[in-house]
Participant: 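Let me begin by handing over the structure; questions about it come next.
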Protein chains: 2
Amino acid sequence: MKQTDVMGKAPTTTERRLNARRPGRPVGGQLEVDREHVLDAAERVIARDGAGASIEAVALEAGVTKPIVYDRVGGRADLADALAERLADRMVDAANQALQSGGQTGADTGLTRQALTTFIEANLQVVDRHRDLFLYVTGGTTEQTALGRLKLAERSTTPMTRALVAWRRGFGQSAEVAEPWAFGIVGMLQMSAMWWLTQSDRSARDVADQLAELLWHGLPGGDRSA
Amino acid sequence: MKQTDVMGKAPTTTERRLNARRPGRPVGGQLEVDREHVLDAAERVIARDGAGASIEAVALEAGVTKPIVYDRVGGRADLADALAERLADRMVDAANQALQSGGQTGADTGLTRQALTTFIEANLQVVDRHRDLFLYVTGGTTEQTALGRLKLAERSTTPMTRALVAWRRGFGQSAEVAEPWAFGIVGMLQMSAMWWLTQSDRSARDVADQLAELLWHGLPGGDRSA
DNA sequence: CACCTAACTTACTACTGGTAACTTTCTCGT
DNA sequence: ACGAGAAAGTTACCAGTAGTAAGTTAGGTG
């Protein structure tokens, strides 16, 4: 598998570069391997090999060597961070799309209970579709990645915080609760997703509806007495 | 497993055993190093060195060698599991104690908003007191430990699920929501704790009160219109 | 007493994240 | 035009970790 003679054909730069096994600066400028390329490869590896994927496997899948990965995306914690942002964006997008196709505009207009259910269900389905990525991102032993988990949350919560601020202001109520509420809700969604994925056989819609019920009416439910 | 209580005939049996550096079966029966001893050592190491503590460090702190740790508690995932159970128990205890000293009995009688705040605050304070243990337990890359995180949740949720079932039944409502609600609430608490520990300078009581507000009245707040 | 088993310790494997050192190509000032 | 230095790779390596196999001694048993 060692084709040392390079001059035979003139393959496209990509081909030759990715197979370059000899050290030294590559001919013809920089490798067209950027951050996104590596992140895509990482997602593929994680989807294939599970959440325990190693940096080396990512480099192999991306067709580059390890130091390239470190140059493009940074260390393992940074990789998890970047993937967390992607996943969070996908969740936000899915939720927005679901809300729009349902006739709800989500953030700007009044939030309804129905919209809340839709939002939660969309989130569950994204987690379901990217199961191992979710595990990879929410895992991580070092303190760095523990904070990275917060970053995923932050990315998810930023739009939610904005929506909550507007929502509360619309009722003339203090918006100070917006941030803890947003983090709390995201935590609820993450844990529920984990439970749903591994221990429950209910439908996503059922779980979403039940969580929406809690978030909308609160613990005492519709008719409270205490 | 019985810890063979050796007579005190030989002074410092423990001392000599723990310092035994020569291979072979120890004199005077089995080492009185049981699971609890190792778990205690693990907690000390984590409190001292942070969440990145290694098995080897745990073994050293416990005064034993690595295979002993593997024999007594199992691999790294099992260790995290066991510590998770301990932490969860401590949380439940703290919450119950706070509720009782506040005149509330928590699970059996009617739950009030005030009791909910107390409950949440007690949880936050336990996490604060065992910061690195919390990080250690909620971390972990492998799928095993990811499920272990669920185990922590499960241990916390079991009493809560029971309470919720009773609570809902008391209102003549379906108790099917109890399990997802319990997991969701625990997730909310975990994420909120993380946020509070690392990014917020509010008091535990304030955060607890704000989360209780959400869980009690729901998103629309006291006066809803939508 | 000889031998087998229990209960350790030592020493090792396999792997991982991360980095230093080296090699080649490009660029640019003189 | 040409040589020095910067740029952009690859190789080879290091340190540390989870987990285990093999070796060693004390205790029990026919």
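Every chain is numbered from 1 and lettered A, B, ... according to where its sequence line falls, protein lines coming before strand lines.
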Participant: Under the rule for ring-ring contact (aromatic ring centres under 6.0 Å, His included), what residues qualify as partners of B/Phe134, not counting sequence neighbours?
Facilitator: none
Participant: Would you tabulate the nitrogen or oxygen pairs shorter than 3.5 Å linking the protein to nucleotides 27-30 of chain D?
Facilitator:
unit_1: D/dG27; atom_1: OP1; unit_2: B/Gly28; atom_2: N; d: 2.7

Participant: Distance check needed: D/dT11 P versus A/Tyr70 OH, whole Å only.
Facilitator: 17 Å
Participant: Nearest whole angstrom, please: distance from the P of D/dG19 to the CD of B/Glu56.
Facilitator: 13 Å
Participant: So if I take every side-chain heavy atom of B/Ser54 and compare against C/dT9, D/dA18, D/dG9, which nucleotide ends up nearest?
Facilitator: D/dA18
Participant: For A/Asp71 and D/dA8, what is the distance between atoms CG and P respectively, to the nearest whole Å?
Facilitator: 9 Å
Participant: Of all the choices, D/dG19, D/dT10, D/dT24, which nucleotide is nearest to the side chain of B/Pro23 once you look at every atom?
Facilitator: D/dT24
Participant: Send over the distance from A/Ile55 CD1 to C/dT19 P, rounded to a whole Å.
Facilitator: 11 Å
Participant: Rounded to the nearest angstrom, tell me the gap between atom NZ in A/Lys66 and atom C1' in D/dG9.
Facilitator: 15 Å
Participant: Side chain to side chain donor-acceptor pair (under 3.5 Å) with A/Arg202: which residues, sequence neighbours excluded?
Facilitator: A/Gln210
Participant: Whole angstrom is fine here: how far is it from CD1 in A/Ile68 over to P in D/dT11?
Facilitator: 11 Å
Participant: Would you kindly compare B/Gly75 and A/Arg72 by the position of their nearest DNA chain D nucleotide and give the one closer to the 5′ end?
Facilitator: A/Arg72
Participant: With sequence neighbours excluded, what pairs up with B/Arg205 under the side chain to side chain donor-acceptor pair (under 3.5 Å) test?
Facilitator: B/Glu121
Participant: Of the nucleotides D/dA26, D/dT10, C/dG17, which one has an atom closest to the side chain of B/Arg22?
Facilitator: D/dA26
Participant: Is the phosphate of D/dT10, meaning OP1 or OP2, less than 4.0 Å from a side-chain N or O of A/Thr65?
Facilitator: yes
Participant: Do NZ/NE/NH1/NH2 and the carboxylate oxygens of A/Arg90 and A/Glu43 come within less than 4.0 Å?
Facilitator: yes
Participant: Whole angstroms only, please: what is the CZ-P distance between B/Arg76 and D/dT20?
Facilitator: 15 Å
Participant: Tell me every residue that passes side chain to side chain donor-acceptor pair (under 3.5 Å) with B/Asp78, counting only those two or more places apart in sequence or in another chain.
Facilitator: none
Participant: In chain order, what residues pass the salt bridge (Lys or Arg N to Asp or Glu O under 4.0 Å) check against B/Glu36, with sequence neighbours excluded?
Facilitator: B/Arg86
Participant: Contact between A/Trp181 and A/Arg168 at the side-chain level, heavy atoms closer than 4.5 Å - yes or no?
Facilitator: yes
